[in-house]
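Below is one structure, written out as structure tokens, with a few remarks after it.
Within every chain, numbering begins at 1; the chains are lettered A, B, ... in the order of the sequence lines, protein sequences first and strands thereafter.
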2 protein chains.
Amino acid sequence: MTRPFANALELLRAARLRPTRQRLALARLLFEKGDRHVAAEELHGEALAAQVPVSLATVYNTLHQFVGAGLLREVVINPGRSYFDTNVSDHHHFFYEDSGKLRDIPGDSIAVTNVPPPPDGGSIRRVDVVVRVEKAASKARS
Amino acid sequence: MTRPFANALELLRAARLRPTRQRLALARLLFEKGDRHVAAEELHGEALAAQVPVSLATVYNTLHQFVGAGLLREVVINPGRSYFDTNVSDHHHFFYEDSGKLRDIPGDSIAVTNVPPPPDGGSIRRVDVVVRVEKAASKARS
DNA sequence: AAAACAGATTATAATAGTTCTAGACTATTG
DNA sequence: CAATAGTCTAGAACTATTATAATCTGTTTT
Ligand SMILES: [Mn+2]
Ligand SMILES: [Mn+2]
Ligand SMILES: [Zn+2]
Ligand SMILES: [Zn+2]
């Protein structure tokens, strides 16, 4: 139960980012609520609602800095909108097509086997699995 | 070696789309060159280069109609740009991070096992695997 | 504690990919 | 041939995101 960073300040220090009002507030919103998959505008809305006046540009800057520092992961599923994932461990996702929500699948509960080596050289950096879920439960029928 | 549609005309007929000059030309560009992963603006450029003056709006319309007819699949990897995949069989992708190119992995050469049932109900419509490939070959070293 | 500096924030403009609109065009049908 | 429904297109609009450049703030130096 020992979270890697007890508070936002430590987290920013470890990432070598100045602990500004905006970054502290965004870090708290992101990391003090368990795992989340949040879009930039969504987080901006939460910040404003929490009386933290921060510009959308800063939200984007901060999210990308956090990704660069390994605190967040960017997940792209649909064109035109990125999700930022506070879970940076090895894991995969359910994508609920009707609601647009993401949900984690622990990395060790899925196995991807027999991945061939990349034909054009290079090394595998990551394997992303997205399980697309549709609403109706059509059971084994064309 | 029997391709599903010998020519673009048949293909459009089967999809119940009027065989207009633009759609015929786009169908030929898409399907007469083997499997491809092409973005809308790219295809538009090819059409213009091939002396087929077609508007970008029509390229988008046509691509989406083809997706609706099951002739194409839309693949989203990066924010802000969709790829349209002429391979609609069950398969997965290598994504080369430096060049932005996609390459097919046959569906039967990868196995995704132990996928848990979706926690919030619904049924699995598809499982997409993206293998991200980076240039340098860093072999089993942190 | 001031001053100086580097780094951060912000309003605003710009960009990129995509979609919308509404009028002109065209394939199909009788 | 109409008549009709479907299609195409230029251009505007839209959305998410990024760039700009001036202002501000956290940190370091004096
Ligand atoms: Mn990004
Ligand atoms: Mn689309
Ligand atoms: Zn996740
Ligand atoms: Zn493919």
Side-chain angles (χ1 to χ4, degrees), chain A residues 8-29 37-48 50-69 71-72 74-85 100 102, chain B residues 8-29 37-48 50-69 71-72 74-85 100 102:
Chain A
L9 192 64
E10 270 185 64
L11 175 146
L12 289 176
R13 285 227 186 87
R16 307 184 151 276
L17 293 168
R18 284 192 186 171
T20 64
R21 212 183 330 282
Q22 293 84 349
R23 289 207 271 235
L24 282 165
L26 294 175
R28 276 195 284 264
L29 287 170
H37 305 91
V38 72
E41 306 232 29
E42 213 177 323
L43 181 62
H44 184 227
E46 290 182 19
L48 297 190
Q51 310 278 24
V52 183
V54 58
S55 75
L56 185 55
T58 294
V59 172
Y60 276 105
N61 289 342
T62 303
L63 286 171
H64 285 137
Q65 289 154 355
F66 285 7
V67 169
L71 300 171
L72 287 178
E74 191 171 355
V75 180
V76 179
I77 303 255
N78 273 342
R81 176 158 307 194
S82 284
Y83 292 93
F84 292 87
D85 190 344
L102 285 176
Chain B
L9 191 65
E10 270 185 62
L11 175 146
L12 290 176
R13 284 225 186 88
R16 307 184 151 276
L17 292 167
R18 285 191 185 170
T20 63
R21 212 183 327 282
Q22 293 84 351
R23 288 207 271 236
L24 281 165
L26 294 175
R28 277 195 283 265
L29 287 170
H37 305 91
V38 73
E41 306 230 29
E42 213 176 323
L43 182 62
H44 185 227
E46 291 182 17
L48 297 190
Q51 311 277 25
V52 183
V54 58
S55 74
L56 185 55
T58 294
V59 172
Y60 276 106
N61 289 341
T62 302
L63 287 171
H64 285 137
Q65 288 154 355
F66 285 7
V67 169
L71 300 171
L72 288 178
E74 191 171 354
V75 180
V76 179
I77 303 253
N78 273 343
R81 175 158 309 195
S82 284
Y83 292 93
F84 293 87
D85 189 345
L102 285 176

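Atom OG1 of Thr62(A) is separated from atom CG of Leu71(A) by 11.5 Å, given to the nearest 0.5 angstrom.
Listed pair Gln22(B) / dT9(D) meets the phosphate criterion, a side-chain N or O lying under 4.0 Å from OP1 or OP2. Taking only side-chain nitrogens and oxygens, His64(A) comes nearer than 4.0 Å to OP1 or OP2 of dT18(D).
Taking all atoms of both residues into account, the shortest heavy-atom contact from Leu9(B) to Pro19(B) is CD1-CB, 3.5 Å. Closest approach of His37(B) and Tyr83(B) over heavy atoms only: O-CD2, 3.9 Å. The two residues Asp85(A) and Val75(A) come nearest to each other via the heavy atoms CB-CG2, 3.9 Å. Across Leu48(A) and Pro53(A), no two heavy atoms sit closer than the pair CD2-CA, 4.0 Å. The minimum heavy-atom distance between Thr58(B) and Leu26(B), with the atom names listed, is O-CD1, 4.4 Å. In this structure, His44(B) and Ser55(B) approach most closely via the heavy-atom pair NE2-C, 3.8 Å.
The distance from atom CG of Asn78(A) to atom C1' of dT17(D) is 16 Å, rounded to the nearest whole Å. For Leu24(A) and dT25(D), the CG to P distance is 15 Å, given to the nearest whole Å. Atom-to-atom, NE2 of His44(B) to P of dT18(C) comes out at 13 Å; the value is rounded to the nearest Å. Atoms CD (Gln65(A)) and C1' (dG7(C)) sit 10 Å apart, rounded to a whole Å. Rounded to a whole Å, the CD atom of Glu41(A) is 15 Å from the P atom of dC14(D). The nearest whole Å value for the distance from the CZ atom in Arg23(B) to the P atom in dG6(D) is 11 Å.
Taken residue by residue, residues 54-62 of chain B places heavy atoms nearer than 4.0 Å to DNA chain D at Val54(B), Ser55(B), Ala57(B), Thr58(B), Asn61(B).
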What's touching nucleotides 24-30 of chain C from the protein side, N or O pairs under 3.5 Å?
| residue | atom | partner | partner atom | Å |
| --- | --- | --- | --- | --- |
| dA27(C) | N3 | Arg18(B) | NH1 | 3.4 |

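Take Thr20(A) and apply the side chain to side chain contact (heavy atoms under 4.5 Å, CB included) test, not counting sequence neighbours, and it matches Arg18(A), Gln22(A), Arg23(A).
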Discussion item. For Val59(A) and Val54(A): C-alpha separation, side-chain torsions, deciding distance, then whether side chain to side chain contact (heavy atoms under 4.5 Å, CB included) applies.
Written reply: CA-CA 7 Å; Val59(A) 172; Val54(A) 58; 4.1 Å; yes
